[in-house]
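I have placed the structure first, in the form of structure tokens, so that the comments after it can refer back to it.
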Amino acid sequence: IVMKELQGLIIVTAIVPFVTILTTYIISVVKDDITQIVPFISATIDYPPESCIGTLGLTVTTSLMMICMFIKYRHCRGVMLSKLEQSRVNSSQLNRWNLMNQVSLAIGLIAITALNGVASFQYHNVPTVHLVFACAFFATGNVHIWMVARLDYVLDLEDRKLIRTRLVLASLSSLLFFPFIIGMFFHGVVAQTISATCEISSVACFFLFFTSYYFEFKRIEILVNIKDDQIQLSEQRPLIRNYPNQIGF
């Protein structure tokens, strides 16, 4: 089975969180659950039905992001093996890059788990747990996209313009995190508005980073091998094709 046109996965991954937050924001305004013009994202998913919609939407988002992360991981691994076969890298370099790829995936999975925790534990119910998950998401999420951008650079996966764009998005996402955190300790309207704006902008940069996978996923093909042996799936280990844009399972 050959799966092509994977850019649709990126489109859905970008649309779902946008629609979710926009919907919860509108409902929060109509119900007067928020007073700030620019509220914190957490404030828009704090009370029902916004919290229900937010949890559902962000759970779907994190599930899609997990799939994207795994495809990206396999794609990078395929490119590494292809370069090794072509004698363009040595085994020592391959081991370093492979370790970075594995760590990046692990940290990314922690980030999306934390994001799911943010949606599941509303601030007004369990503020401490909510804030811990939020900090974990921002910290690990930014580390993940930085590592991915670095791998793109060393593996030369994309043209330099796109790689620079990803580096800019990773930089903005990281830098905006600090005024967001600092502003939370001030209770003035201006400080809270600046803090909320930085939070929204940082999250937007994070999701835009994933949206930049569009052209990369457009070239990728997933090959699924199924062995019909008494209606049982093959127990063979996943394979990576020699062609780096083909990922085998």
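The minimum heavy-atom distance between M80 and W97, with the atom names listed, is CE-O, 3.3 Å. Scanning both residues, R77 and N101, for their nearest heavy atoms gives N-ND2, 3.7 Å. Counting all heavy atoms, side chain and backbone alike, F121 lies closest to H130 at O-ND1, 2.7 Å. Scanning all heavy atoms of the two residues, the minimum distance from I27 to P49 falls at CG2-CG, 4.2 Å.
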Fill in: Steps toward side-chain contact (heavy atoms from CB on, under 4.5 Å) verdict (C76, L155)
CA-CA 8 Å; C76 289; L155 295 176; 4.1 Å; yes
Practice prompt. Carefully, step by step, assess F180 and F138 under the rule ring pair (Phe, Tyr, Trp, His ring centres under 6.0 Å).
Written response: CA-CA 11 Å; F180 156 55; F138 280 101; 5.2 Å; yes
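To the nearest 0.5 angstrom, D46 atom CG is 10.5 Å from I34 atom CD1. Atom OG1 in T24 sits 11.5 Å away from atom NZ in K31 (nearest 0.5 Å). Remark: N142 CG to F209 CZ distance equals 10.5 Å, nearest 0.5 Å. To the nearest 0.5 Å, atoms CE (M69) and OG1 (T62) are separated by 9.5 Å. Considering CD1 of I112 and SG of C68, their distance stands at 9.5 Å, rounded to 0.5 Å. Distance check, rounded to the nearest 0.5 Å: OG of S202 to CZ of F178 gives 10.0 Å.
For the 3.5 Å distance criterion, the side chains of S28 and E50 qualify, holding a donor opposite an acceptor. For the residue pair E216/H75, the side-chain donor-acceptor check at 3.5 Å is satisfied.
Between H144 and F210, the angle of the ring planes stays under 30°, which puts this pair in the parallel group of the 30/60° scheme. In this pair, F206 and F137 present their aromatic rings perpendicular. The plane angle is above 60°, beyond the 30 to 60° band.
Open room surrounds CD1 on I37; 12 or fewer heavy atoms of other groups in view lie less than 6.0 Å from it. Atom OH of Y123 is surrounded by 12 or fewer heavy atoms from other residues, nucleotides or ligands within 6.0 Å.
L58 and I26 fall into different hydrophobic clusters, where Ile, Leu, Val, Met, Phe, Trp and Tyr side chains are chained together by heavy-atom contacts under 4.5 Å. Taking hydrophobic clusters as Ile, Leu, Val, Met, Phe, Trp and Tyr residues chained together by side-chain heavy-atom distances below 4.5 Å, L208 does not share a cluster with V168. Cluster membership check: V16 shares its hydrophobic cluster with I71, using side-chain heavy-atom separations under 4.5 Å among Ile, Leu, Val, Met, Phe, Trp and Tyr. In this structure, L167 is not a member of the same hydrophobic cluster as L176, with clusters built from ILVMFWY side-chain heavy atoms closer than 4.5 Å. Cluster membership check: I145 shares its hydrophobic cluster with F70, using side-chain heavy-atom separations under 4.5 Å among Ile, Leu, Val, Met, Phe, Trp and Tyr.
Looking only at distances, a side-chain donor or acceptor of T59 sits under 3.5 Å from a matching main-chain atom of T55. A donor-acceptor distance shorter than 3.5 angstrom exists from the side chain of S120 to the backbone of N116, with no hydrogens or angles considered. In terms of modelled atom types and a separation under 3.5 Å, the side chain of Q192 and the main chain of G183 share a donor-acceptor contact. Remark: side-chain polar atoms of S195 are not paired, donor with acceptor, to backbone N or O of A191 under 3.5 angstrom.
Under the ring-ring contact (aromatic ring centres under 6.0 Å, His included) criterion, Y25 pairs with no residue at all, not counting sequence neighbours. By the side chain to side chain contact (heavy atoms under 4.5 Å, CB included) test, M100 is found to be paired with M147, R150, L151, residues two or more places apart in sequence or in another chain being considered.
For the pair R160 and Y153, the cation-pi test (distance below 6.0 Å, angle within 45°) is passed.
Residues Y47 and Q122 have side chains not in contact (no heavy-atom distance under 4.5 Å, counting atoms from C-beta outward). Within the 4.5 Å cutoff, the side chain of V148 has heavy atoms near those of the Y213 side chain.
A salt bridge between D159 and R164 is absent, with no side-chain N of the basic residue lying under 4.0 Å from a carboxylate O of the acidic one.
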